Each structure stands twice: as C-alpha cells, then as structure tokens.
Protein chains: 2
Amino acid sequence: MSTIDSRVEPATAELLSDDERQLYFAFKRAQEMLRARISDDVRAATGLSDPDVAVLIHAAEVDGGVRQSELASLLGWDRTRLSHHLSRMQSRGLIERTKVGSAVEVSLTEAGLAVIDVVRPIHAAAVRRHLIEPFTPSQVVYLREALERISEPGA
Amino acid sequence: MSTIDSRVEPATAELLSDDERQLYFAFKRAQEMLRARISDDVRAATGLSDPDVAVLIHAAEVDGGVRQSELASLLGWDRTRLSHHLSRMQSRGLIERTKVGSAVEVSLTEAGLAVIDVVRPIHAAAVRRHLIEPFTPSQVVYLREALERISEPGA
DNA sequence: TATCGATTGTTGACATATCTACATTCTAGG
DNA sequence: CCTAGAATGTAGATATGTCAACAATCGATA
C-alpha cells in the first residue's frame, strides 16, 4: 500500500479519514462476499438467483398480494428494476400480477409457493452460516439497528 | 469487538429468527439504498459508475500496478467480473494492463489519474453524507470491525 | 368537472454481472 | 527435464440492472 500521500485531514475535511474510507470499503466488500456466498449456496441447491429469493420471500410475507411500489421500497430497488425482474419471474411462472387502478399487485403462484418452501430452509442455512454465526445475538441486534439507520433517513 | 459466544439455537433451528431475518434484509436494503444514493451523486457529477470508482480508488492506492487477482480480492469480486469490467475501463482509456507471467498488472493511465482527482472529493462527500453522518466516530469503528468479520473468515 | 402535477408502472437500448468453457503460466513431484 | 494440478485470465452467451422516454391513473384545486 502506498503511504506517502498528501493526507493531512484539512480542517475542511474534504476527503475521508482512514476510518471512514475503511468503513465504506469494508461495507462493500462484506456485501459482495456475503452475496456471493449465499447466492452460491442457494443457486447450487435450487437454481434460483439471489434477487429471485429476495422477491419471493418478501412477497410471501403478505397474503393476497403486495403493491409493486411497496415491494420496491422493501427491497430498496427502483421501480424499473423491479418491473423487469418481475417480468422474468412471471414468465417462469413464479409470480402473477394483477392490475389495480394505476398500481399492480404481486402474488405468488402455486409454483411460487411450492418453490419457496424448498428455498427457505436452504436460504436460512446459508444466511446463518455466512452472516449470523460470526456474531453474538446482541451484536445481531446492534448491527441491524445500525444498518437501519442507513436506509431510513431520507438524507 | 467481543468474544464469539455461539448461538443458543433452538433444537430445530431450521429457519431464521425474526432478529436474524431482519438483520439480513436490513443489510441488503441498506446496501441497495446506499449504493443508489452514492452512485447517483457520483454519476451526476462525473459520469462514472460505482464499480468504476471502486476500481479507480483501489488501483490508485498502489503505485506501480496491482495484480488483477489481488484487486479482485480487495473488491470482493470474482475474476471474471473484474476482467470484463477492466476491459471496458481500458477501452475508455482509464486504466492499462501489463502482462507479467500468468498475471496482469493494472495501473491508471494519465487520464485515469486525472479523473480520480475529480472524483475523490465528490465521492468522499457522498460517502460522508450517506454513510458516515448517521454514526458517531466510535460507531464507525465498531461497524467497520463488524463488517470485516463477515468478509474475513473463509466460512 | 376540467386540468395539471404527482404517482405508478412499462418499454427498449444499453451497461453490467454471471456462467461455462477454455488458454496460459506457475509449481511441485517424479 | 516432464507432467499433472493449481492459479490466473479471457471469451461468448445469457441474465440482470440502469437510463431515458413514455403511458396510464390518481388527486387536488380552481
């Protein structure tokens, strides 16, 4: 690593401190590796992608259908991305869409419901192994609260 | 930091507890929103994508070139993804590659070095606003350590 | 109730990521 | 030296995500 850079932490604090930059890249790196690991486990066992699983699990939590805009908000996706992904999942018979006014309700098909029962324990095991095990229960709670502070504020 | 007490897991332990599932989705949601926000800020100001910036910053930290495999490891990417992305960045004149045995060294071009000076403060401001500000300095350190536990273990 | 702006969703072109298969170089053991 | 397996990269096909433009509905208000 290079060390001799003009790093003086001006009072203006234009650039990031070491701690700050490290937090950012630690976050990205953890996210990339976590996704790769869980995704590998799940795909090997079920053939489903990570986004597929995210949609299925969130959609399954609400009986009778979720509006797309709410689903997008839960996932942190934008509506374009969700629309494209739902089209793909729909063509594979996993979900169905019902137009309700200007909105669209998403629900699982029979096939989708069947698939999710298979996926859930596999996904749970992967999450537990790769994300939960490194932490104590109280750390799990603390970490969740910290992460929610990132997504909640409209900042 | 603290000792790794391990989970008390119910005998079944097939599925995730509420805390556990919430941690997982809080993580994914925070990641999606953080990436979207920072990426929007940076793209609006520079036209560079989030992966572009990640590669530029990591490559700039090492003088004289980084081996692709190491860059991939720092980023948490797999080598295929990095190879494709570097090809695109190379064709835009941002980086250059030199073959060294079976490996490849990546370094910034003049244009890449010029670009990164423009990007860095903008990126720093975006990271500060969206990731740092919600936390105290000690939380920043704690959070970084927690995230590193996710990526470090080969688990 | 007419109409304008905001909300919700889709589409197509393009950018990025993944998967499978392959080529080259490195390394350790005969 | 050889040579088999590991490590490093690349290529093309496919899957996924983003951007800009558009269409339909909602909702407030004049």
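A, B, ... follow the sequence lines: proteins, then strands. Residue 1 opens every chain. Since this is a predicted model, take the numbers as computed values, not measurements.
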Cut-off 3.5 Å, no hydrogens considered: what does the side-chain donor-acceptor table look like for residues 65-72 of chain B, sequence neighbours left out?
residue	atom	partner	partner atom	Å
B/Arg67	NH1	B/Ser69	OG	3.3
B/Gln68	OE1	B/Arg97	NH1	3.0

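- The separation between B/Lys28 atom NZ and D/dG17 atom C1' is 14 Å, rounded to whole Å.
- Note: A/Tyr142 and B/Tyr142 have perpendicular aromatic rings, judged against thresholds of 30 and 60 degrees for the angle between ring planes.
- Ionic pairing of A/Arg37 and A/Glu32 is not present here: no N-O contact between side-chain nitrogen and carboxylate oxygen is shorter than 4.0 angstrom.
- Look at B/Arg43 and B/Asp40 and you find no salt bridge, because none of the NZ, NE, NH1 or NH2 atoms lies under 4.0 Å from a carboxylate O.
- Summarising the geometry, the separation between CG on B/Asp50 and C1' on D/dG17 is reported as 13 Å, rounded to the nearest angstrom.
- Qualifying side chain to side chain donor-acceptor pair (under 3.5 Å) partners for B/Thr136, counting only residues two or more places apart in sequence or in other chains: B/Ser138, B/Gln139.
- Atom CD of A/Glu61 has more than 12 neighbouring heavy atoms from other residues, nucleotides or ligands inside a 6.0 Å radius.
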Inset, instruction - At under 4.0 Å between heavy atoms, which parts of nucleotides 6-17 of chain C does protein reach? Answer with one letter per nucleotide, 5' to 3': B base, S sugar-phosphate only, - none. - result: --BBBBB---BS

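- Rounding to whole angstrom units, CE of residue A/Met89 and C1' of D/dG17 are separated by 15 Å.
- Here the P atom of nucleotide D/dT18 and the CG atom of B/Leu48 are 16 Å apart, to the nearest Å.
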